[in-house]
Chemist: 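To start, I am sharing the structure in question, which I have written as structure tokens.
Throughout, protein chains are lettered first and strands after them, A, B, ... in sequence-line order, and every chain is numbered starting at 1. Since the model is a prediction, treat every value here as computed from it, not as a measurement.
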Amino acid sequence: MSSSYPSGQLAIASPWRVAFQLAKREIVRFFRQKNRVVGAVGQPVLFWLLFGTGLNQSFQMQGQSFSEYYVPGTIVLILLFTAIFSTISIIEDRNEGFLQSVLVAPIPTWSMVLGKVLGGTLIALIQAILFLALSLLLVSQISVVGIALSIVYMTLIAIGLTCLGFVLAWKLDSTQGFHAIMSVLLMPMWLLSGAFFPIPDVQTQLTMGEKILRIVMLLNPTTYAVAGLRRVFIEQSNAWMPSVTLCWTVTILFGSIMFAAATAIARTRTAGDLK
Amino acid sequence: MSVMVNVDSLSHRYGERQALSNLTLSVPDGEIFAVLGPNGGGKTTFFRLLSTLMPIQSGRIQVANLDVTAQTHLVRQRIGVVFQSPSLDKKLTVLENLRHQASLYGIRGQLLRHREAELMRSLGITDRANERTEKLSGGLRRRVELAKGLLHHPQLLILDEPSTGLDPGVRADLWNYLGKLRNEAGVTILFTTHLLEEAERADRIAIFHQGCLVANDSPENLRASVGGDSIQIECTEPQQLGECIAAQFGLQPQVIDSTIRLEVPNGHRLVSELMQQFGKRIHAIRLGKPSLEDVFISKTGHHFWE
């Protein structure tokens, strides 16, 4: 103890700096957990090998090449799972007690949410960019501007999805709960995003099933993620897709709404906070 | 005497269960204040409300004349909170944990370097600075927790069951440090505990029972309030012996398990009379000044550990 205690002047934390520090912590933690790093590198490589060598040969799709079709879909798959699973750290933080000291700190709730979301977004981006880099070995026609634009778009997608993960994770008290969410929410979100099969086109004669499928797919925010990314990679497509403007609008709107929802839910206390 | 914490008509319920009822108390500036009570007495609820972890349902708390509900942010800047369950990031080193905490309070640059060095030195963790906290013993982790809670030089330090999981030597160190912190830096310290001997270390004790404040005074005054001496008799048939004592001496002994308790003035005389009359039936007899447990029993009519 020194004579300087207590200080007369109270320091004030900048919410942006706090968010940055929280995000940095997520990244440091990520790299210190070897199994997570191995998984993060292994997953894109595995997808690349699988889709690049295996499925490429059997791929038949209305004049589109494999790369045009599967690269954006796989990137969204990687973003979806990594971004949402990165928010498992909220459950860990709560169970390990770390979250308590953040909850009683003099910082606005949004800055804590932003920190978590940026951390998750960066971890997801690392993997998605790794896959993109590997894909460039197969896809030669993408320009530097296209790559830059795709990374910007991937960031927007990852922010929205991490916020969604935050909302899902906040009330959960065990990581097991997350696996249930994966099967009932994430798999359908990806399968019905246009990554796996195209959105049924209104120009053609649609059956009732196809009409319903189209509506469900258009309500799925990941549809716009996949389509928007695909539009960055290819000039035009034979398959029907939402317009560029609509894709970017929906993705930005989805991110904003999810961020607001995450901030609102973070103001509530759960049983796990009160141990 | 200025007041650090002022609690007025504070009540809290979890669904149907009333955890705190109409609690009113104040904590003087610069004191070590214990909130003592058995588990379920309401002290943890009080800790959560005071530490701003949970919103206040009814009543109010002021810290340094700031309202906890209306001025939460300002209160948070002035309090240091040490939780009972660990709040460290195990994957980060001691220093990283401290720096992370510092960032939440806007402490950086020269000030941060100065404070982290000062705290690690006074808590004896400087040589562990670069070790991950998952590798530290429980005692060392508690020191890091304490350093975390003190980084921003709070006026009020709140600790929830600070001795939990610590061995006696480490406990003694902790109390020495807290005493120094109060004496040299003038920090007001409030802690919750279910350990009677720990509460003895406080300048003032608030005793909670079933969500109500049953006593609030210095340990000496609390004991004096019971009056006289405390006699404890151990025997095989406490019920029968208790009745005999009641009939013979016109006293009202309390029988708890295999012990008979008596509170009387001039206990030493009664001890010799009891030994003359019932010496063969008594295994052990103890004469002492009333303990906090006696205080608790006299205020609530319950055994502390019931």
Side-chain angles (χ1 to χ4, degrees), chain A residues 1-37 89-90 92-109 111-112 115 119 267-275, chain B residues 14 44-45 48 51-55 72-92 96-97 99-108 111-112 114-115 118-119 121-122 132 134 145 148-155 158 177 180-181 183-187:
Chain A
M1 259 162 289
S2 79
S3 54
S4 68
Y5 195 109
S7 69
Q9 204 71 42
L10 284 170
I12 294 173
S14 144
W16 298 100
R17 196 182 291 273
V18 169
F20 171 77
Q21 289 295 336
L22 283 165
K24 193 175 125 191
R25 168 179 170 265
E26 295 287 323
I27 306 290
V28 169
R29 274 178 71 87
F30 172 77
F31 281 107
R32 287 194 183 159
Q33 288 162 292
K34 294 283 174 287
N35 51 348
R36 285 182 73 187
V37 178
S89 73
I90 292 166
E92 290 170 356
D93 283 352
R94 184 177 277 125
N95 291 344
E96 288 176 10
F98 177 81
L99 195 63
Q100 296 176 116
S101 52
V102 180
L103 292 177
V104 300
I107 54 166
T109 311
S111 110
M112 177 198 50
R267 293 210 171 92
T268 64
R269 293 287 166 272
T270 74
D273 293 324
L274 311 174
K275 289 188 293 194
Chain B
Y14 301 104
T44 301
T45 303
R48 289 169 185 165
S51 66
T52 74
L53 186 64
M54 209 161 60
T72 313
H73 202 79
L74 296 174
V75 169
R76 285 176 174 173
Q77 289 180 323
R78 287 162 177 82
I79 60 172
V81 185
V82 179
F83 294 94
Q84 182 187 353
S85 52
S87 74
L88 302 177
D89 186 330
K90 293 186 200 140
K91 298 284 170 212
L92 300 185
E96 286 168 338
N97 265 291
R99 290 194 175 157
H100 193 275
Q101 179 78 3
S103 74
L104 298 178
Y105 289 82
I107 301 162
R108 55 200 177 92
L111 187 63
L112 172 61
H114 176 68
R115 285 201 187 163
E118 175 193 43
L119 276 167
R121 194 179 53 245
S122 61
R132 285 196 203 167
E134 62 190 346
E145 299 271 359
K148 261 181 81 171
L150 291 169
L151 260 175
H152 58 291
H153 282 188
Q155 289 168 258
I158 313 168
Y177 186 80
K180 240 169 75 177
L181 195 64
N183 296 335
E184 295 173 19
V187 181

Chemist: If I measure from the heavy atoms of chain B, does A:Val104 come under 4.5 Å with its side chain, its backbone, both, or neither?
Modeler: both
Chemist: Any idea which of B:Leu111, B:Ile107, B:Asp89, B:Leu92 has the most non-hydrogen atom pairs under 4.5 angstrom with chain A?
Modeler: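 Counting heavy-atom pairs under 4.5 Å, the top option is B:Asp89.
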Chemist: To the nearest 0.5 Å, tell me how far A:Leu103 CG sits from B:Arg76 CZ.
Modeler: 7.5 Å
Chemist: At a heavy-atom separation under 4.5 Å, does A:Arg269 approach chain B through its side chain, its backbone, both, or neither?
Modeler: side chain
Chemist: Just so I know, are the side chains of B:Gln77 and A:Ile12 near enough to count as touching, which here means a heavy-atom distance under 4.5 Å?
Modeler: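 In short, these two side chains touch, coming nearer than 4.5 Å.
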Chemist: Top residue by heavy-atom pair count (under 4.5 Å) with chain A, among B:Leu119, B:Val81, B:Leu104, B:Val82?
Modeler: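 Most heavy-atom pairs under 4.5 Å with chain A: B:Leu104.
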Chemist: Could you work out, with side-chain hydrogen bond (donor to acceptor under 3.5 Å, both in side chains) as the rule, every residue matching B:Ser87, not counting sequence neighbours?
Modeler: B:Glu145, B:Lys148
Chemist: Relative to chain A, which segment of B:Tyr105 carries a heavy atom at a distance below 4.5 Å: side chain, backbone, both, or neither?
Modeler: both
Chemist: Please report, to 0.1 Å, the donor-acceptor pairs under 3.5 Å made by any side chain of residues 15-24 of chain A, with sequence neighbours excluded.
Modeler:
none

Chemist: Examine whether an atom of B:His73 lies under 4.5 Å from a heavy atom of chain A, and if so say whether it belongs to the side chain, the backbone or both; otherwise answer neither.
Modeler: both
Chemist: Answer with side chain, backbone, both or neither: which region of B:Leu88 has an atom nearer than 4.5 Å to a non-hydrogen atom of chain A?
Modeler: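 Just the backbone, heavy atoms under 4.5 Å.
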Chemist: Quick one: of A:Pro106, A:Pro108, A:Ser14, A:Ala13, who has the most non-hydrogen atom pairs under 4.5 Å with chain B?
Modeler: A:Pro106
Chemist: Which bit of A:Ser101 is near chain B, if near means a heavy-atom gap under 4.5 Å: side chain, backbone, both or neither?
Modeler: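 Both the backbone and the side chain of A:Ser101 come within 4.5 Å of chain B.
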Chemist: Counting only heavy atoms closer than 4.5 Å, note whether B:Arg108 contacts chain A via side chain, backbone, both or neither.
Modeler: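 Side chain only.
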Chemist: Roughly how far, to the nearest 0.5 Å, is NZ of B:Lys90 from CZ of A:Arg32?
Modeler: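 The CZ atom of A:Arg32 sits 15.0 Å away from the NZ atom of B:Lys90.
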Chemist: So if I apply the side-chain contact (heavy atoms from CB on, under 4.5 Å) rule between B:Lys91 and each of A:Glu96, A:Gln33, A:Arg25, which one comes out positive?
Modeler: A:Gln33
Chemist: With a 4.5 angstrom heavy-atom cut-off, is it the side chain or the backbone of A:Glu92 that approaches chain B, or both, or neither?
Modeler: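 Neither part; nothing is under 4.5 Å.
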